[in-house]
Structures are given as C-alpha cells and as structure tokens.
Amino acid sequence: MKTLIKNGRIVTAVDDYFADIFIDGETITTIGKKLDLPADKIIDANGKLVIPGGIDPHTHMDMPFGGTTSNDDFRTGTIAAAHGGTTTIIDFAIQPKGQSMLKALDVWHEKAQGKASIDYGFHMIVTDLTPSDHVPEMRRLMKDEGVLSCKLFMAYPGVLLVDDATIFRAMGIASEHGGLICMHAENGIVINEIIARALAEGKTAPKYHALTRPTKAEAEGVNRAIALAEMAGSPVYIVHLSCYDALKKVKEARDVGIPAFAETCPQYLFLDYSYYEKPGFEGAKYVMTPALREKWNQEELWTGLKMNDLQVVSTDHCPFCFKDQKELGINDFTKIPNGGPGVEDRMSLVFNGGVAQGRISLNRFVEITSTSAAKIFGLFPRKGTIAVGSDADIVIFDANKKRTISAKTHHMNVDYSCYEGMEVIGVTETVLSRGSVIIENGNYVGKPGHGKYIKRSNIQEALRPTVSASY
Ligand code: URP
Ligand code: ZN
Ligand code: ZN
C-alpha cells in the first residue's frame, strides 16, 4: 500500500514546514514539495497540522487493581487512544509478589495479542527482586525481551511497595543493561499512618484520599528516588508528578546535571483538589494517586513543561467505572480503586491548554506528547518523529476545530469523563499507524490486532552522557 499525504504543515519537535509525505508500506520513504508519486491513497491535509503519532508511556489496560480490574482492555483502550491521536502506548505488566516476571510478561502479551489497534510496549512493575530468581529475570527482560523500563513503587504498602534496597538493586541492573527505572515516588509508609489516623476519626469520604497524601510525601519520594539513582549511577524517571514540591526536587537535580526525568499528566494540569468537594460520592471519580492538588500547582507544572524540567505528558490511564467500581469505596475512601480515564483526551487537552493558550510552542507540544517519550523509552527515531525511515505513525490534526469532551461521545470503556463538558480547540482528524489509516475523519477504520509489540532498546544511549556518579 502506498499513501501520499499532500499539502500539510509538518510539525515535529524541531521542524515546521509545508511538504508532502510518501509512505511505502509501513514506512515514510520520501518527504518533499509537490510530490508526484503514484499512490493507492491520497490524503489532503491542506489547512491541517501533520504531526508524529502521540506516544503515551503510562497506561494500565486490563489491570487488576484495588479489588477490581481497569475497565479498558487492549481492544477498547487502544481504539480510544487512536481516536485521540495516540499511536503507541507503553503499558505496565505486573509481577505478582514473589512470582516470575517472565510469566507476568507472557500474561500481558496475551492480554494485548490480537486486540491492540496501535503499537505497544511494556514496562514491568517489579514487586520482588531476589538475587537468585528475579535478578536474572530482570536482566533477561532488558537484554532479550525489549522491556527496557521497570516501575517500582514507594507507595501502596503490602501491595506494590518495595524497600530502598530493592530500588537500589533494580537501578543498578537497569544501569548495566541500558534500561531505566520509573518511580512511583510517594512515601507510602507515612501516608498509611496518616490514613489510619483519618479512618480512626471516621473520615471516610473521597476527599480524604487527597487530605491523607500530602505533597511533601511525594517530594520526599522524588528526593529519595533521585538520591538512590545517583548512588546507583543510573538515570531515573519519575512517573505522574503532580505538584510543585515534587517538581522542585527534579529541577534541583537537573540543574546540577543529574539525569532525572519526569512526566506529568493532564489531570494535574487541568483538575484540582476542589473536585473532591463535589457533592455526594462524586469526588470518587478523581481518586487517583498522586491525588489532585491545589490549583496553583498547575501553572508551575506548565512552567516545568516549558523549561524541560518535565519532559513528558502521559495519562496514567487507569479507568474504573463510577457505577460498581468506584462505588466499592462508598463507605471508605481507601477502598475506591485508584485511577482515572484519560488516554483519549491527552493530545487535545495539551494542545488546548498548551499551544492554544500560549504556554508552549507547537514544537514543544509535539515533543512532550511524542518525541521525548520516544527518546526516553528507546523508540526513537522509529517513533516520535516524521522522517524518512521512521514508522508512518502520523496524525492529521485540525488546530482550528473545537469539540466538547463528554462520556457520551468518548470511546473509553468508562461511564464518566474527568473533563465532562470542557470545550477544547484542536481535534484529531485522521490517524495512520505504520502506514494504515486507523482513524479517518474522526471515525475508527482500523482493525484490532493491527497493533504490534515493539521491543525497545538502548534507552541509556541517549541518557547516559549526563550520569554523574557511580558507586
Ligand atoms: O491512581 C493511579 N495512579 N492508579 C494507577 C496505578 C499507579 O500508581 O500508577
Ligand atoms: Zn503509580
Ligand atoms: Zn500508573
């Protein structure tokens, strides 16, 4: 199949020009002015932006969590992602405590196989790292299986939390194999103390989720993660950073050349603590970790994105229906499954809040929604840019069109939207995944099973030069 995209304005993290793109099979083979090459399909992108497909490096599809399972599987979740202009996700496989990571990876391959409409990679959530069994497995993940990043938790004691020795060990292994540790950085031990106190005082409403997770607990986790990474001689990537206190720690590290990287998510850029004060049990929709913060933090996060102290906007897409799933915690906020939906709306939200409202440039928009994640997670230049030889993962984006976000029209398999009624400018019109049109004029025309597993490699080649110390 040969496809020609004509008359578009091509924007990457560094370029901005008008040209045509010729795609042969899955790959971009020619870019130039007024291309006159025989094609099976011609797409007119006149008046539209032509940008690299979005990369969301933080999703939880079909994940058992909080006494239930996240409600998008790889079929529904990747169709929703495609509608929003995301063409690659990196999802999290979970090692059940004490069990095999390789088996966990098989389980996640099975969940995705034949269902995904867009390409995907996996991180591994490491819950146990015994030198005899699990260390060799982690090495195999990084050397042979293309799983170059592992997430470890300082939060959720008794479920996912690991101790500092485990984190330090994992960082050392990642460093040896060109991999990266992603940290859920929140002091879960202290948070649990605060939660116990709240429950003893009869404080069970959703807002206590936020009131028991102070920003200092996140900042302490970030600080510790960076210190451990420095001792291990490894870079570190902080996931779902939510507040200024935590951002300050990343900035301080980066200012002295420590390779600390971080993402934030739309929920921390657009929503705030007041959402927990909605009437009745409504606040449960926003129960996610870290919690939503006071509104003033949002502008600090935008500044972090602009100044490259934050490199990526991911979604942490982990959807639970309000009915039946969030309701598990109707009498106790600690029983509300943590997480929210977002994979479909990321590009629109960041474009609207970032470019349309004058906070970031178009190039920076592409960088934080696609290119940086490709570089940090070992997908670049196959993904994350528009260049000859890259996968033809392309979004034709109408920067002038408006839409209103609503659960009535979204494609995520969840009964509410965190952004219900919000009007945004910037709409995904057409999406190509490895040369195949999967969204055409806003309609899904793809095929579950088209999406392929992408083995990743060489993460630290891009990150290593700034590693400052090794112990
Ligand atoms: O609330 C959240 N973030 N749920 C998903 C799990 C995690 O910590 O990323
Ligand atoms: Zn997390
Ligand atoms: Zn997550």
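Counting convention: from 1, in listed order, for ligands and their atoms alike. No hydrogens, no waters, no symmetry mates; every other heavy atom, side chains included, goes into these values.
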Between [X] and [Y], is the ring centre distance below 6.0 Å?
X	Y	answer
Phe65	Tyr156	yes
Tyr286	His209	no
Phe365	Phe351	yes
His123	Phe377	yes

Looking only at heavy atoms, which two atoms of Thr69 and Phe320 are closest? And how far apart?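 Closest pair (atom of Thr69, atom of Phe320, distance): C-CE2, 3.7 Å.
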
Could you tell me which non-hydrogen atom of Ala232 sits nearest to which non-hydrogen atom of Gly172, and how far apart they are?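 Result for this residue pair: CB-N, 4.0 Å.
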
Protein-derived N, O or S atoms lying under 2.8 Å from the Zn ion (ligand 2), waters excluded: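 Counting protein N, O and S atoms closer than 2.8 Å to the Zn ion (ligand 2) gives 3.
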
Step through the shown structure and confirm whether more than 12 heavy atoms of other residues, nucleotides or ligands are within 6.0 Å of CD on Glu110.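 No, CD of Glu110 has 12 or fewer neighbouring heavy atoms, counting only those of other groups under 6.0 Å.
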
Contact residues of ligand 1 (heavy atom under 4.0 Å), by chain and number: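 Within 4.0 Å of ligand 1, protein side: His58, His60, Phe65, Lys151, Phe153, Tyr156, His184, His240, Met288, Thr289, Asp316, Cys318, Asn338, Gly339.
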
So Glu145 and Glu137, do their side chains get closer than 4.5 Å, heavy atoms only?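 No; the side chains remain at least 4.5 Å from each other.
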
Just so I know, are the side chains of Asp163 and Thr166 near enough to count as touching, which here means a heavy-atom distance under 4.5 Å?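 Asp163 vs Thr166: side chains touch.
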
